[in-house]
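These numbers come from the heavy atoms of this one structure, side chains and all, not from hydrogens, waters or symmetry mates. Predicted model only: the values in this text are computed from it and were never measured.
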Amino acid sequence: MKNIKYILASVFVVLLFNTCEKDDTVKPSDKESFVYDVTYTDETVLIDSLLAESLVRIDSADYTYYFESNDPKILNLKADDILFIYGIALRRITNVTRNGNETMVETDYATLNEAIKDGEISWNKKISFSDGIVPVVQMKGTNIEYKSISGDSIDFEFKYGDYTYRIKFVFSDTRADILFEISKDLVKPITAKFQAKGYMENFYSKTEMEYKDSELTKFGQKNYDLKGELTLNLTVAGSGRDEINFELPVVLLKFPFVVYGIPVTINIKVLFVVNCVVPVDGSSQVEVRFEYNSTTGIKYNGIDVDVDASIGNQKMDKNIAQTGASTAIGANFGLAFPRLEVAVFGDKIVPYVQTAFLIGGDYTFTPPCQQAKSQFIGACGIDLSFLGFGYSAKHVFWQEEKVLLQAGECPEN
């Protein structure tokens, strides 16, 4: 029955491959900073923040922009110009039509290196849970209503499929207290319940890039002081087969800001994974307390892409580990949190960078073996296409496993 053992771990490994060596690096300054020192290409037309006020509407379906202005910059726009609208868009113009005082500008996709010839762009952004937060919970593009909201907390509870979800944040100046809960009621009191409870402290997210002759020569994305504590608990009893493997919700918290005209969004997301096979007379309860203080990141030096990450100090302490049934049973639960996403002009340059926590237990009869394990994983996916470098990949920073319980005639891994 090896096929039901630690399916969760294998799912994450499939998603997070291309393992690289760890790289312990010097921590950047604990201070917000923003750098924008560039020269533009000859084709670039910068519509600054004042002139951007003449943008009266946008057709987002086909990226058409409508201006009402007699400013020479607007009147002289032409096909093949790179249109850089402060805080809004970066596009290549395909056609310009003037009708009275209105200028309609049709556009196509453009990359940042088409606008930037030389220079440096960077930001070191504090992710603080006391300000700058836009709480959003979405299910397939539909916003989920709040159960409750106040100045320092948000609470969502909703049903999707066979499961009821609860997501709660309580914010303070230095951290966010977190509750994630997934439950499934069958014939009470037979249930399946998966819970993660703890906190995450404020941290810094730094991104930097350099250009020379419209070529990306340096890139780095680093998230440091990722410090927190999570207690994961799975409790299942006769729940049958439970499978969850999707991002839910799409976005929890959004941190939008502008770096000298470049709109940046850092999204905090969560990925839940549940995979259980529990017979009618079976039950499993596993609870593990995780502590971590880690750094995640990736870097490009113009030649090679490498990891810029450190697992730091981490602990996985068993609270409960017990699984049993008259036939084989397996129960696994995990989540990736915080799962960060970094977008520039709406294009994701870092689709995800995350720490992930996994717990699981199983019991088999051929041979008789009871096990429980936990894992702590760091990983990321990057896509530098919008920056002008055709590179996308997934990297695993680390994958630490701890055996919580092993009894019987368990085969060696």
Flag, side chain of [X] to backbone of [Y], donor-acceptor distance under 3.5 Å:
X	Y	value
Glu215	Lys212	no
Asn124	Lys31	yes
Tyr211	Leu387	yes
Gln370	Ala407	no
Asp59	Ala61	yes
Asn332	Leu358	no
Arg175	Met200	no
Thr44	Ile82	no
Ser153	Val170	no
Thr364	Pro367	yes

Hey, are Asn95 and Thr97 close enough side-chain-wise for a donor-acceptor pair under 3.5 Å?
->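 Judged by distance alone, the side chains do pair up.
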So, Asn223 versus Ser205: side-chain donor-acceptor pair below 3.5 Å or not?
->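 A donor-acceptor contact under 3.5 Å links the two side chains.
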Less than 4.5 Å apart, any side-chain heavy atom of [X] and any of [Y]?
X	Y	value
Thr296	Gln221	no
Leu232	Leu335	yes
Thr355	Trp398	yes
Tyr65	Leu77	no
Thr295	Lys222	yes
Phe345	Arg91	no
Leu50	Tyr86	no
Ile154	Leu253	yes

Separation between [atom1] of [X] and [atom2] of [Y], rounded to the nearest 0.5 Å:
X	Y	atom1	atom2	value
Glu208	Glu120	CD	CD	7.0 Å
Ser283	Gln322	OG	CD	7.0 Å
Gln354	Arg339	CD	CZ	4.5 Å
Glu114	Glu43	CD	CD	8.5 Å
Gln195	Ser183	CD	OG	10.0 Å
Lys126	Tyr204	NZ	OH	4.5 Å

Relative to the ring of [Y], is the ring of [X] parallel (under 30°), tilted (30 to 60°) or perpendicular (over 60°)?
X	Y	value
Phe272	Tyr165	tilted
Phe171	Phe169	parallel
Phe84	Tyr40	perpendicular

Would you name the heavy atoms of [X] and [Y] that are closest together and state the gap between them?
X	Y	answer
Phe194	Leu234	CD2-CB, 3.8 Å
Val274	Cys276	CG1-SG, 4.0 Å
Pro338	Leu226	CG-CD2, 4.2 Å
Glu201	Phe129	O-CE1, 3.7 Å
Thr64	Met104	CG2-CG, 3.4 Å
Arg92	Ala110	N-CB, 3.6 Å

[X] atom [atom1], over 12 foreign heavy atoms within 6.0 Å:
X	atom1	answer
Lys193	NZ	no
Asp62	CG	yes
Tyr63	OH	no

Please check if the distance between the ring centroids of Tyr36 and Trp123 is under 6.0 Å.
->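 Not close enough - the centres of the two rings lie 6.0 Å or further apart.
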Report the C-alpha separation of Arg289 and Glu291 in whole Å, then their side-chain angles, then the decisive distance to 0.1 Å, and conclude whether the salt bridge (charged side-chain N to carboxylate O under 4.0 Å, His left out) test is met.
-> CA-CA 7 Å; Arg289 179 174 172 268; Glu291 291 182 40; 2.5 Å; yes
What do the steps show when you test Tyr300 against Phe389 for ring pair (Phe, Tyr, Trp, His ring centres under 6.0 Å), and what is the final call?
-> CA-CA 10 Å; Tyr300 167 64; Phe389 179 45; 4.4 Å; yes
State whether Phe255 and Lys125 meet the cation-pi test: NZ (Lys) or CZ (Arg) under 6.0 Å from the six-membered ring centroid, and within 45° of the perpendicular axis.
->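 Because its charged atom misses either the 6.0 Å distance or the 45° angle limit, Lys125 does not stack over Phe255.
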Determine, stepwise, if the pair Phe290 / Ile359 fulfils side-chain contact (heavy atoms from CB on, under 4.5 Å).
-> CA-CA 10 Å; Phe290 294 83; Ile359 60 174; 3.9 Å; yes
Test Ile47 against Leu83 for side-chain contact (heavy atoms from CB on, under 4.5 Å), laying out the working first.
-> CA-CA 8 Å; Ile47 307 300; Leu83 181 65; 3.7 Å; yes
Given side-chain contact (heavy atoms from CB on, under 4.5 Å), test Val288 with Phe357 step by step and report yes or no.
-> CA-CA 10 Å; Val288 179; Phe357 310 87; over 6 Å; no
Test Ile298 against Val350 for side-chain contact (heavy atoms from CB on, under 4.5 Å), laying out the working first.
-> CA-CA 10 Å; Ile298 202 83; Val350 180; 5.6 Å; no
Given the rule in the ring pair (Phe, Tyr, Trp, His ring centres under 6.0 Å) test, do Phe180 and Phe333 qualify, once you have shown the distances and angles that lead to the verdict?
-> CA-CA 12 Å; Phe180 299 124; Phe333 166 54; 9.4 Å; no
Is the closest basic N to carboxylate O distance between Asp155 and Arg166 below 4.0 Å?
->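 A salt bridge is present here (some side-chain N lies under 4.0 Å from a carboxylate O).
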